[in-house]
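Here the structure is laid out as structure tokens; the discussion comes afterwards.
These numbers were taken from a predicted model, which means no experiment stands behind them.
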Amino acid sequence: MGDSKKLENILFYAIITGSLIIIFSIILIFLNNESAQAQAEPTELATAALYISSTESPSEETEESVVSSKTDFETDIQEDTITLLEQYNQIREELERIKQALARDRTVEYVIYSVVDYEGDELTFDELGGFTKYGISSKHNPDIDVFRVTRKDAFNILYVRYYVPNKLYEYQSVRLQVALMHMCVLFGNKAFSIAYSIVPKSKLIILRDSDPEFPQVIERLRVAFRQHAKQLGIKNPRYLNGWLNRIDKVFYIG
């Protein structure tokens with residue numbers, strides 16, 4: 001009996017101990033699962049956040065930056081386009097004015113050749129201009145071989161250096177164009193400064209030979225150029241009479 005009772009006690013305690021072990025094991029497994037889930041949730045949330053951020057549209061700040069850059073770029077293109085268009089229109093208008101002048105009864109040839117033929121092909125020399133032929137002086141045109149200048153060369157030189165830069169093709173009066181070209185040969189581009197100091201450029205351009213005030217304007221210009229010639233004649237008296245005669249001739253009103 002004693003041995004049997006002892007064996008029962010051993011079995012009882014063994015069962016109790018085993019049950020406790022099983023219970024503790026279940027509790028540990030449960031706790032471990034909870035801990036694993038708790039750790040997994042932040043990782044999943046972070047991963048989901050990254051995924052969402054990669055698939056969603058850019059943030060407002062990024063959008064504003066992109067829009068701003070695009071707007072600046074488009075503005076620069078628009079400004080450059082406007083500038084180019086303005087320059088193109090200006091050049092087109094200028095070319096149109098030149099074309100009209102060239103097509104108007106060979107006005108350009110008449111004006112310039114009137115000066116070239118007045119000067120003539122004789123090679124002359126003086127202290128002021130050096131060697132001169134067809135109105136082209138070596139002193140004021142050092143890049144030109146005056147000895148070999150032809151009538152056509154003289155036309156091209158006067159056209160490029162006086163007629164076009166001073167926009168004589170805009171003048172309505174052919175007589176005024178001729179007179180001012182003669183003054184360019186005598187006094188260079190200063191001739192226009194003298195003329196504009198007496199009559200505004202805007203008025204000279206639209207002045208016509210048939211205008212009632214044309215004789216008065218021509219007379220005022222004649223007097224102004226005579227005064228300028230007399231000032232230069234103080235140091236160069238031997239050329240004064242020739243200058244005055246030429247001024248009176250080209251600004252003559254009959």
Checklist entry - Is the shortest heavy-atom distance from the side chain of V146 to the side chain of L123 under 4.5 Å? => result yes
Next on the checklist: Ring-plane angle category for F187 and H228, please: parallel below 30°, perpendicular beyond 60°, tilted otherwise.
Outcome noted: perpendicular
Item to check | Nearest atoms (heavy-atom pairs only) where Y118 meets R246 | outcome: CE2-NE, 3.4 Å
Checklist entry - Can you tell me how far the CG atom of L168 sits from the OG1 atom of T107, to the nearest 0.5 Å? => result 11.5 Å
Item to check | D211 side chain vs L207 backbone, donor-acceptor pair below 3.5 Å | outcome: no
Item to check | From D126 atom CG to Y239 atom OH, the distance as rounded to the nearest 0.5 Å | outcome: 4.0 Å
Checklist entry - Does V199 belong to the same Ile/Leu/Val/Met/Phe/Trp/Tyr cluster as V223, with side-chain heavy atoms less than 4.5 Å apart forming each link? => result no
Next on the checklist: Could you report the tightest heavy-atom contact between H140 and S137, atom names first, then the distance?
Outcome noted: ND1-OG, 3.0 Å
Next on the checklist: I want to check something: taking the side chain as every heavy atom from C-beta on, are V116 and I112 in contact at a cut-off of under 4.5 Å?
Outcome noted: yes
Checklist outcome for this item: For V115 and H182 the tightest heavy-atom approach is CG2-CD2, 3.6 Å
Checklist entry - What is the distance from atom OG1 of T150 to atom CZ of R148, rounded to the nearest 0.5 Å? => result 12.0 Å
Next on the checklist: Does this structure show an ion pair linking D117 with R151, if we count only N-O contacts that are shorter than 4.0 Å?
Outcome noted: yes
Checklist outcome for this item: Here the gap from S202 atom OG to Y196 atom OH, rounded to the nearest 0.5 Å, amounts to 10.0 Å
Checklist entry - Between E213 and R208, is there a side-chain N and carboxylate O pair less than 4.0 Å apart? => result no
Next on the checklist: Is any side-chain heavy atom of K152 closer than 4.5 Å to one of Y113?
Outcome noted: yes
Checklist entry - Step by step, would you call L180 with N166 a side-chain contact (heavy atoms from CB on, under 4.5 Å)? => result CA-CA 10 Å; L180 290 175; N166 293 292; over 6 Å; no
Checklist entry - Passes side-chain contact (heavy atoms from CB on, under 4.5 Å), K139 versus L128? Steps please. => result CA-CA 8 Å; K139 184 175 182 179; L128 294 180; 5.7 Å; no
Checklist entry - Any side-chain heavy-atom pair from R175 and F214 closer than 4.5 angstrom? => result yes
Checklist entry - Do you reckon I91 sits in the same ILVMFWY cluster as L85, going by side-chain contacts under 4.5 Å, direct or chained? => result no
Next on the checklist: Taking V149's backbone N and O only, do any of them form a donor-acceptor pair with K133's side chain (distance below 3.5 Å, no angle check)?
Outcome noted: yes
Checklist entry - What about I77 and I82, same hydrophobic cluster or not, with Ile/Leu/Val/Met/Phe/Trp/Tyr joined at side-chain heavy-atom distances under 4.5 Å? => result no
Checklist entry - After noting the C-alpha distance and the side-chain angles of F251 and M183, does the key distance pass the side-chain contact (heavy atoms from CB on, under 4.5 Å) rule? => result CA-CA 10 Å; F251 287 104; M183 295 302 98; 3.8 Å; yes
Checklist outcome for this item: Between A224 and I198, the two heavy atoms sitting closest are CB-CG1, 3.5 Å
Checklist entry - Between Y169 and Q177, does a side chain to side chain donor-acceptor pair (under 3.5 Å) hold up when you go through it step by step? => result CA-CA 8 Å; Y169 48 83; Q177 287 191 37; over 6 Å; no
Checklist entry - For the residue pair A191 and F225, what are the closest heavy atoms and their distance? => result O-CZ, 3.3 Å
Checklist outcome for this item: In short, salt bridge (Lys or Arg N to Asp or Glu O under 4.0 Å) pairs touching residues 225-236 with sequence neighbours left out are R226-D248
Checklist entry - About how many Å separate CD of E119 and CG of L158, when rounded to the nearest 0.5 Å? => result 8.5 Å
Item to check | Donor-acceptor under 3.5 Å (T132 side chain, G135 main chain) | outcome: no
Next on the checklist: What verdict does the side-chain contact (heavy atoms from CB on, under 4.5 Å) test give for I144 and D153, after you've listed the backbone C-alpha separation in whole Å, the side-chain angles of each residue and the deciding distance to 0.1 Å?
Outcome noted: CA-CA 10 Å; I144 303 297; D153 293 335; over 6 Å; no
Item to check | For Y171 against L204, the heavy-atom pair lying closest together | outcome: CD2-O, 3.5 Å
Item to check | Hydrophobic cluster identity match, I234 and L232, side-chain contacts under 4.5 Å | outcome: no
Checklist entry - Using 4.0 Å as the upper bound for N to carboxylate O, is an ion pair formed by R161 and D143? => result yes
Next on the checklist: Just verifying a value: how many Å separate E219 CD and Y252 OH, rounded to the nearest 0.5 Å?
Outcome noted: 11.5 Å
Next on the checklist: Are V185 and Y162 packed together at the side-chain level, in the sense that at least one heavy-atom pair is separated by less than 4.5 angstrom?
Outcome noted: no
Checklist entry - How would you list, by chain and number, every residue that makes a side-chain contact (heavy atoms from CB on, under 4.5 Å) with Y88, sequence neighbours excluded? => result R92
Checklist entry - S138 side chain to F131 main-chain N or O, any donor-acceptor pair under 3.5 Å? => result yes
